[in-house]
Amino acid sequence: MPWGAQAQGSTPESPYAGQTIGIAVANEIPYGYTNLKGEAQGVGPDVAQAVLATMGIKDIKWTSTAFSSLIPGLQARHFDMVAAEMAILPARCDQVLFSEPNSSYGEGLLVAQGNPQKIHSYQHFVDHDSKVAIMAGADQLDILNALGVPQERIVTLANNADAISTVSTGRADAYAATSATVAQLAELGKRTQAAQPFEDPMVNDQAVRSWGAFAFHPEAQTLAQDFNKALLAFKQTQAWRDILATYGFTEQDMQQASQRTQAQLCGK
């Protein structure tokens, strides 16, 4: 059934009732991942489920894939929606249809316990012969390139689940990711920690901050519009704040989540 068509037995107030939606995550803590039972967790899945429930959608088919496969998979209609808190960027806006922002987050670095190389910024990898790991397809590559980090100092990982072993074994001296991801990874073991203090990267004289959102196929405009209405309403509730707080988002992050619009971030 086409999205937006009325399902059998549904009411005019819930045109999506009875439908199944396919949603992808990138196994990235704390944004969207699956646990050992195959259950979807993270700020993206939790908010998505709550918002979709208000739209009458309760049947969700979850897919976990590499971050770099999210947009191609969406374009190929392997799933209907992405709930990975993917940052809204102009280049991505040309490929997918984003919702309004659901979250906002800054950058961080995961380093070996004790931070033996005293790494406190992305700039370190411009000035020193150290290696930094990133997840394939993630925004951090653009940031490091903008700062002028040589390609030979960048190690690419399939997903952030490999970050702890990569840093603790010395394959890379640090792992660059968002602050929330770094905080969650640092809690998983005693071999690594978040770099503290951390100096926010500056690109074009501005501190780097991202706004994460849900993504849809460019032709799924009705679904995206209806989801947006429900999302904006949910963001006004304590339940939304509780979900973000559970996954390590700060009060500042929550406030920032409403300081930009999809149109602004897409450059439209």
Side-chain angles (χ1 to χ4, degrees), residues 26-31 33 43 66-68 84-92 103-212 247-253 256 260 265:
N27 204 29
E28 183 182 13
I29 299 171
Y31 303 106
Y33 58 100
V43 63
F67 189 88
S68 57
E85 292 307 296
M86 182 183 289
I88 304 175
L89 300 173
R92 291 174 179 167
S103 64
S104 182
Y105 43 84
E107 297 298 305
L109 280 169
L110 186 75
V111 295
Q113 189 63 231
N115 197 3
Q117 293 200 29
K118 308 302 179 186
I119 301 173
H120 297 287
S121 68
Y122 288 4
Q123 182 66 33
H124 176 97
F125 304 99
V126 178
D127 304 330
H128 300 83
D129 188 18
S130 304
K131 291 187 176 182
V132 57
I134 60 171
M135 184 173 65
D139 310 341
Q140 283 69 34
L141 178 60
D142 293 334
I143 299 171
L144 295 173
N145 285 340
L147 293 174
V149 176
Q151 292 299 312
E152 62 269 18
R153 295 179 186 172
I154 301 175
V155 177
T156 302
L157 308 180
N159 57 68
N160 71 11
D162 299 326
I164 294 176
S165 61
T166 297
V167 173
S168 62
T169 60
R171 182 184 171 203
D173 301 294
Y175 178 65
T178 65
S179 56
T181 292
V182 169
Q184 292 281 328
L185 290 172
E187 292 180 359
L188 295 179
K190 299 180 179 180
R191 296 179 294 169
T192 57
Q193 67 177 64
Q196 293 292 345
F198 176 76
E199 180 181 335
D200 289 325
M202 300 290 292
V203 175
N204 297 326
D205 296 324
Q206 291 188 341
V208 174
R209 175 167 279 273
S210 298
W211 280 263
Y247 291 105
F249 289 84
T250 65
E251 181 66 27
Q252 179 185 7
D253 292 334
Q256 285 286 339
R260 296 288 188 279
L265 294 164

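Reckoned from all heavy atoms, side chains included, excluding hydrogens, waters and symmetry mates.
- For the ring-ring contact (aromatic ring centres under 6.0 Å, His included) test, residues two or more places apart in sequence or in another chain that qualify with Phe198 are Tyr122.
- Taking 4.5 Å as the limit, every side-chain heavy atom of Glu28 sits out of range of all side-chain heavy atoms of Tyr33.
- Contact of the Glu107 side chain with the Ser179 side chain is not registered, since no non-hydrogen atoms from C-beta on lie closer than 4.5 Å.
- For residues 161-176, the set of pairs meeting the salt bridge (Lys or Arg N to Asp or Glu O under 4.0 Å) definition, not counting sequence neighbours, is empty.
- Nearest heavy-atom pair across Gln113 and Pro116 is O-CD, 3.8 Å.
- The side-chain hydrogen bond (donor to acceptor under 3.5 Å, both in side chains) test applied to Asn160 returns no partner, not counting sequence neighbours.
- Val43 has its side chain within reach of Phe249: a pair of non-hydrogen atoms, C-beta onward, lies under 4.5 Å apart.
- Annotation for Ala138 and Arg92: closest pair C-NH2, 4.3 Å, computed over non-hydrogen atoms.
- Counting only residues at least two apart or in different chains, ring pair (Phe, Tyr, Trp, His ring centres under 6.0 Å) contacts with residues 148-167 are absent.
- Remark: the backbone N or O of Gln206 is not paired with any side-chain donor or acceptor of Asn204 at under 3.5 angstrom.
- The side-chain heavy atoms of His124 and Ser130, taken from C-beta on, include a pair separated by under 4.5 Å.
- In terms of heavy atoms, Arg209 sits closest to Tyr105 at NH1-N, 3.4 Å.
- Contacts of Thr250 classified as side-chain hydrogen bond (donor to acceptor under 3.5 Å, both in side chains), with partners at least two apart in sequence or in another chain: Asp253.
- With sequence neighbours excluded, the residues that form a side-chain hydrogen bond (donor to acceptor under 3.5 Å, both in side chains) with Thr181 are Thr178.
- Listed by chain and number, the residues in a side chain to side chain contact (heavy atoms under 4.5 Å, CB included) with Ala133 are Val155, Leu157, Thr166, Ala172, Tyr175 (sequence neighbours excluded).
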With a 3.5 Å cut-off and sequence neighbours excluded, list the donor-acceptor pairs that the side chains of residues 188-197 form with protein atoms.
residue : atom : partner : partner atom : Å
Arg191  : NH1  : Ser168  : OG           : 3.4
Gln193  : OE1  : Gly114  : N            : 2.8

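- The stretch residues 137-162 participates, sequence neighbours left out, in no ring pair (Phe, Tyr, Trp, His ring centres under 6.0 Å) pair at all.
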Please output the side-chain donor-acceptor pairs of residues 143-153 that fall under 3.5 Å, not counting sequence neighbours, one pair per line with the distance.
residue : atom : partner : partner atom : Å
Asn145  : OD1  : Gln151  : NE2          : 2.6
Asn145  : ND2  : Leu141  : O            : 3.3
Arg153  : NH1  : Phe125  : O            : 2.8
Arg153  : NH1  : Val126  : O            : 3.2
Arg153  : NH1  : His128  : O            : 3.0

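- Across all non-hydrogen atoms, the minimal contact from Ala180 to Tyr31 is CB-OH, 3.4 Å.
- Contact detail for Met135 and Ala158: the closest heavy-atom pair is CG-O, 3.8 Å.
- Under the rule for a side-chain hydrogen bond (donor to acceptor under 3.5 Å, both in side chains), Glu199 has no partner lying at least two apart in sequence or in another chain.
- Between Leu89 and Leu265, the closest side-chain pair of non-hydrogen atoms is not below 4.5 Å.
- Listed by first and then second residue, the ring pair (Phe, Tyr, Trp, His ring centres under 6.0 Å) pairs that reach into residues 130-160 come to none, sequence neighbours excluded.
- Remark: the backbone N or O of Ala87 is not paired with any side-chain donor or acceptor of Ser210 at under 3.5 angstrom.
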